[in-house]
Amino acid sequence: MEAAAGEPDSPRSAVFVIALDPTGAPMSLRPPVLYHASLEHADAEETTHIHELAEVFARMALTVAEQEGHAHRAVHAKGQGLLKGRLRVLDGLPAELRHGLFARPGSYDALVRLSSPPAEQLPDSVSTPRAMALKVIGVDGPRAEGAQEEHTQDFLMVNGPAFNTPGVAGFLRSAKLLAATTERMPRTKRMISTTLRGAEAALEAVGGQSATLKGMGGEPQHHPLGETFFSQVPFLYGPYMAKFSLAPISPELLALTGDKIGSDADAQREAVVTFFTDLPNPVEWELRVQLCRDVEQMPIEDASVVWPEADSPFLPVARLSVAQQKAWQPDTSPGIEDALAFAPWHALAEHRPLGGLNRARRVVMAASRQFRSRFNGCPIHEPVG
C-alpha cells in the first residue's frame, strides 16, 4: 500500500470517537493515526543485522536438522496442535475498522497452529512461551509486496503483548544467545527452566512480569488454550496502523485461563488434544484490533512498548470458531505441518507488516522455509480450503 500523502495525523487531534470500556461505560478515544512512510525508519546497521540474523537462524536450523534428521521451523518448532476452524468477520463494524479482511462481513475457512519455541523439539518441561498462528483461507485482494501466498491472510501471535527487545539489534543478541544453547544439554535446560519458572512466579506474585525470564524458559506451566495471544508488532490496517489479539471468549476456554498443566514431555499437546477430543460444542476466540491513536505512546519501530489499552482498547472485528476434532495425529500432523508455512508477510496490502522486526522476519522466515522444504524434500503449499 502506498503511503498516505502529507504528514501523519497529529495524535493531539481534537476529534474523538466513542467506544465502551470493559464495564460498558462510554469512553472517548482519539481518532486513529494515518500511516505515513516517515513513521517507519531503519537505522544504519539494520540491513547488516538482518543478514546476520538470517545466518544465525540458518546455523540453528542446520544444527537441529543434522541432530534430528529433520528440518523444523526456525522458531516455534514444536507443534502443540493443528486445528481447522472458521473465521467470521463481524457485521456492523464502525467505519474505522472496516478495512482489508474486515471491510465487509464474511466467513472463511481457517487453520490454527498452536506451538512453542525455540528451533528444536524440546520437552514441555522446558517451559517457553506459547504461540498461536492463524491462517485465513480464500482471502482475495491486492497483496503485500513479496507475499508468497495469493489467497491467505496470516496472523502470528504469542501470549504476551510486547516483544522482549525494541528492534532488530536486540533480536540479534537474543538469537545469538539462543543459538549458543541449541541442541545442547537438554537436562540442563530443564533444570534452568524449573528455576526460571520459580523466579517468574515470584515476580508475578508482586505484580510484575519478565519477558526475558519467560523467553529463556520461565513461562508458567499454564494451559495454552486459556491464553490471550498478541501480534506484538504492528501492521497496516487500511490507512491506519494496528496490533492484533486473539482472546478466548467461550466459557470452556476462559475456565482454562491460568489453569496449571503438568511438566511431561508433551504436556501442552496432550492438554490440547484432550480438550478437543470430547468437545460438545464449538468454542470461540475473538480477533481484536488495537489501532494506533498516538505515535508517541504507540511507536511503530519499538516493539518492546506495550500500547496502552486505556488510550486504545482492543476492539472486536471477527470470531474464530473451532469444533471437536483430533487436534494432533502423530502419524499425519507432522507431515501436514511440513507442507504449511505461516508468515506475517502472507498478507493483504492493507495489512502489510510494519517496523524493523517485521522487515527482519520477512528475510529470516523466507530463508527458513526454503531450507526446511529442501532438507525435508517436502514442497510447501498454500492451502485452498
Side-chain angles (χ1 to χ4, degrees), residues 57 60-61 64 72-83 85 87 110-124 126-136 152-165 171 174-175 178 193 200 209 211-233 235 243-248 253 256-257 261 266-273 275-276 285 287-288 303 320 322 327-328 333-334 336-338 340-347 353 357-358 360-361 364-365 368-369 372:
F57 277 101
M60 279 196 290
V64 173
H72 301 287
R73 286 163 169 79
V75 291
H76 300 287
K78 187 173 183 178
Q80 307 288 16
L82 190 60
L83 302 156
L87 186 80
L111 291 174
V112 179
R113 181 177 187 261
L114 293 155
S115 65
S116 55
E120 50 195 312
Q121 300 284 304
L122 294 176
D124 288 352
V126 182
S127 184
T128 54
R130 291 87 169 87
M132 189 172 188
L134 170 64
K135 183 182 290 290
V136 187
T152 61
Q153 173 66 53
D154 289 5
F155 300 94
L156 276 63
M157 304 190 197
V158 296
N159 61 329
F163 202 69
N164 60 1
T165 64
F171 187 21
S174 297
L178 181 63
S193 178
E200 179 65 27
Q209 286 189 344
T212 300
L213 286 182
K214 289 184 176 182
M216 292 176 66
E219 181 73 27
Q221 289 281 48
H222 293 160
H223 201 300
L225 296 178
E227 299 281 357
T228 296
F229 297 89
F230 302 86
S231 68
Q232 296 189 333
V233 290
F235 297 79
K243 292 184 179 182
F244 295 97
S245 174
L246 267 169
L253 295 173
L256 300 177
T257 301
I261 59 174
D266 294 316
Q268 289 189 56
R269 187 182 295 167
E270 290 168 0
V272 173
V273 168
F275 179 85
F276 282 104
W285 287 261
L287 181 59
R288 298 169 178 171
L320 171 66
V322 180
W328 187 265
S333 293
I336 296 171
E337 279 204 323
D338 281 346
L340 288 173
F342 294 82
W345 288 86
H346 294 164
L357 286 172
N358 271 325
R361 292 164 91 192
V364 171
M365 296 178 77
S368 172
R369 288 194 299 272
R372 183 162 59 92

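On a predicted model such as this, the values are computed, not experimentally measured, just so you know. Residue numbers run from 1 in the order of the sequence given.
- With Gln232 contributing its side chain and Gly160 its backbone, the two residues share a donor-acceptor pair below 3.5 Å.
- Taking CZ of Phe342 as the reference point, atom NE2 of His76 lies at 12.5 Å (rounded to 0.5 Å).
- Under the salt bridge (Lys or Arg N to Asp or Glu O under 4.0 Å) criterion, Asp338 pairs with no residue at all, not counting sequence neighbours.
- The distance from atom CZ of Arg130 to atom CZ of Phe229, rounded to the nearest 0.5 Å, is 8.5 Å.
- Contact between Pro353 and Ala347 at its shortest, heavy atoms only, is CD-CB, 4.5 Å.
- The aromatic rings of Phe171 and Phe163 lie perpendicular to each other, with more than 60° between the two planes, well past the 30° mark.
- Looking only at side-chain heavy atoms (C-beta outward), Met132 and Leu320 come within less than 4.5 Å of each other.
- From Met157, atom CE reaches atom OG of Ser245 across 6.5 Å, with rounding to the nearest 0.5 Å.
- Here CD of Gln268 is found 7.5 Å from NZ of Lys78. Values are rounded to the nearest 0.5 Å.
- Arg361 and Asn358 get closest at one heavy-atom pair: NH1-OD1, 2.8 Å.
- Ala303 and Val233 get closest at one heavy-atom pair: CB-CG1, 3.8 Å.
- Annotation for His72 and Ser368: closest pair O-OG, 4.5 Å, computed over non-hydrogen atoms.
- Side chains of Val273 and Glu270 form no contact here, defined as non-hydrogen atoms less than 4.5 Å apart.
- Residues Thr165 and Ser174 approach most closely at CG2-OG, 3.8 Å, considering heavy atoms.
- Counting all heavy atoms, side chain and backbone alike, Ala343 lies closest to Asp154 at N-OD2, 3.0 Å.
- To the nearest 0.5 Å, the span separating CH2 on Trp328 from CG on Asp266 amounts to 9.5 Å.
- Residues that satisfy the salt bridge (Lys or Arg N to Asp or Glu O under 4.0 Å) test with Arg269, not counting sequence neighbours, are absent from this structure.
- Taking Arg369 as the reference, nothing meets the salt bridge (Lys or Arg N to Asp or Glu O under 4.0 Å) condition, with sequence neighbours excluded.
- Side-chain contact between Phe155 and Leu287 is present, with at least one heavy-atom pair separated by less than 4.5 Å.
- Not one N or O on the side chain of Glu337 forms a donor-acceptor pair closer than 3.5 Å with the backbone of Ala77.
- To the nearest 0.5 Å, atom CG of residue Leu156 and atom NE2 of residue His346 are 9.5 Å apart.
- Met365 has its side chain within reach of Pro344: a pair of non-hydrogen atoms, C-beta onward, lies under 4.5 Å apart.
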